[in-house]
Participant: 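Dropping a structure here in structure tokens format, bear with me for questions.
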Amino acid sequence: VEIDSGSEMTRVTPHVVRLLGALAMVLAMLAATPTTPAEAASPRLWRAVDTGGDQTCAIRRSGDPRLDRGLYCWGSNSNGVLGQSYSSERLGVTRVGAGRWQSISVGVSHVCGIGMSRTMYCWGWNRDGAIGDGRKGMLLNRIGPHALPGSWRSVSAGGLHTCGIG
């Protein structure tokens, strides 16, 4: 690919083209938030951000109690990892559930978080039992947040596993 900058011709590698495409996708995600792109890029908007695989989730910081500590995710939604239907990719930021969150951890194909009541919720790919519901298998994925028993202080989602401290 060649780009004419007006003064000279520049050759762009396929890697740069993919990078520019990814940048355009990020800008589109930021524009889809209820705030301006400049505000969305501000670290003051998010309490916590985690990324794994092809998805990102963040806990929002807001003066509005209805939005504060809301969980928002975007990116690839394979196996319901964004808490939405199986095949819908989300380029924009999408709220997951209506709850309030204190922490979030994004694995390769699943997500776990701890709500304000210290309940742990997990969803996404469950082939190897990473959701923690006592089941495992290709057809046993969880589309939205699934509550796990107990009271939790910390969670970490990995590749095909999840660890938590109660």
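Everything quoted here is computed from the prediction, not taken from an experiment.
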Participant: Who are the side chain to side chain contact (heavy atoms under 4.5 Å, CB included) partners of Val81, not counting sequence neighbours?
Facilitator: Gln55, Asn77, Val111

Participant: Please collect all disulfide bond (SG atoms under 2.5 Å apart) contacts where either partner lies in residues 113-155, sequence neighbours excluded, each pair once.
Facilitator: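 Of all non-adjacent pairs touching residues 113-155, those that pass disulfide bond (SG atoms under 2.5 Å apart) are Cys112-Cys122.
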
Participant: Of the non-hydrogen atoms in Gly164 and Met120, which two are nearest, and what is the gap between them?
Facilitator: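 Heavy atoms of Gly164 and Met120 come nearest at CA-CE, 4.2 Å.
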
Participant: Gln102 side chain to Gly115 main-chain N or O, any donor-acceptor pair under 3.5 Å?
Facilitator: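 It does hold such a pair.
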
Participant: Is there a path of hydrophobic side-chain contacts, each under 4.5 Å between heavy atoms of I/L/V/M/F/W/Y residues, joining Tyr121 to Leu82?
Facilitator: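 Yes, it is one cluster - the side chains of Leu82 and Tyr121 are joined through contacts under 4.5 Å.
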
Participant: Working to the nearest 0.5 angstrom, can you tell me the gap between Asp50 CG and Ser103 OG?
Facilitator: 10.0 Å

Participant: Test of understanding: with side-chain hydrogen bond (donor to acceptor under 3.5 Å, both in side chains), list the residues that count as partners of Arg95, not counting sequence neighbours.
Facilitator: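 side-chain hydrogen bond (donor to acceptor under 3.5 Å, both in side chains) list for Arg95, sorted by chain: empty.
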
Participant: For residues 135-166, pull every pair meeting disulfide bond (SG atoms under 2.5 Å apart), keeping only residues two or more places apart or in separate chains.
Facilitator: none

Participant: From Leu71 CG over to Arg60 CZ, what is the distance, rounded to the nearest 0.5 angstrom?
Facilitator: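 Between Leu71 CG and Arg60 CZ, I get 12.5 Å after rounding to 0.5 Å.
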
Participant: side-chain hydrogen bond (donor to acceptor under 3.5 Å, both in side chains) with Asp133: which residues, sequence neighbours excluded?
Facilitator: Asn126, Arg135, Arg142

Participant: Among residues two or more places apart or on two chains, list those pairs meeting side chain to side chain donor-acceptor pair (under 3.5 Å) that have a residue in residues 152-161.
Facilitator: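 Qualifying pairs: none.
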
Participant: Can you measure from CG (Asn141) to NZ (Lys136) and round to the nearest 0.5 angstrom?
Facilitator: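 Result: 14.0 Å between the selected atoms.
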
Participant: With sequence neighbours excluded, what pairs up with Ala58 under the side chain to side chain contact (heavy atoms under 4.5 Å, CB included) test?
Facilitator: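 Once residues adjacent in sequence are excluded, the partners of Ala58 under the side chain to side chain contact (heavy atoms under 4.5 Å, CB included) criterion are Trp46, Val49, Trp74.
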
Participant: Please find the pair of heavy atoms, one from Val155 and one from Gly113, that lie closest to each other, and give the distance.
Facilitator: CG1-CA, 4.3 Å

Participant: First locate atom SG of Cys57, then atom CD1 of Ile104, and finally report the distance between them rounded to the nearest 0.5 Å.
Facilitator: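 Nearest 0.5 Å value for the SG-CD1 distance: 5.0 Å.
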
Participant: Before giving the answer on side chain to side chain contact (heavy atoms under 4.5 Å, CB included), spell out for Ile59 and Tyr72 the whole-Å C-alpha distance, their side-chain angles and the decisive distance to 0.1 Å.
Facilitator: CA-CA 6 Å; Ile59 298 173; Tyr72 296 81; over 6 Å; no

Participant: If you take all heavy atoms of Ala157 and Ser105, which pair is closest and at what distance?
Facilitator: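 Looking at all heavy atoms of both residues, the closest pair is N-OG, 2.7 Å.
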
Participant: At what distance, to the nearest 0.5 angstrom, does CD1 of Ile131 lie from OG1 of Thr162?
Facilitator: 6.5 Å

Participant: Taking only residues two or more places apart in sequence or in another chain, which ones pass side-chain hydrogen bond (donor to acceptor under 3.5 Å, both in side chains) with Arg127?
Facilitator: none

Participant: My understanding is that only residues two or more places apart in sequence, or in another chain, count here; which of them pass side chain to side chain contact (heavy atoms under 4.5 Å, CB included) with Val108?
Facilitator: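 So Val108 forms no side chain to side chain contact (heavy atoms under 4.5 Å, CB included) with any residue.
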
Participant: Sequence neighbours left out, what passes ring-ring contact (aromatic ring centres under 6.0 Å, His included) with Trp123? Give chain and number order.
Facilitator: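 Trp123: ring-ring contact (aromatic ring centres under 6.0 Å, His included) contacts with Trp101.
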
Participant: Please give me the minimum heavy-atom distance between Val96 and Pro145, naming the atom from each residue.
Facilitator: CG1-CG, 3.8 Å

Participant: Search all heavy atoms of Gly52 against all heavy atoms of Val106 and return the closest pair with its distance.
Facilitator: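 The answer is N-CG1, 3.5 Å.
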
Participant: I'd like to check the side-chain hydrogen bond (donor to acceptor under 3.5 Å, both in side chains) partners of Ser62; sequence neighbours left out, ordered by chain and number.
Facilitator: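 Ser62: no side-chain hydrogen bond (donor to acceptor under 3.5 Å, both in side chains) contacts found.
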
Participant: Identify, with sequence neighbours excluded, every residue that meets side chain to side chain contact (heavy atoms under 4.5 Å, CB included) alongside Arg100.
Facilitator: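 Expected list: Asp68, Arg69, Met116.
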
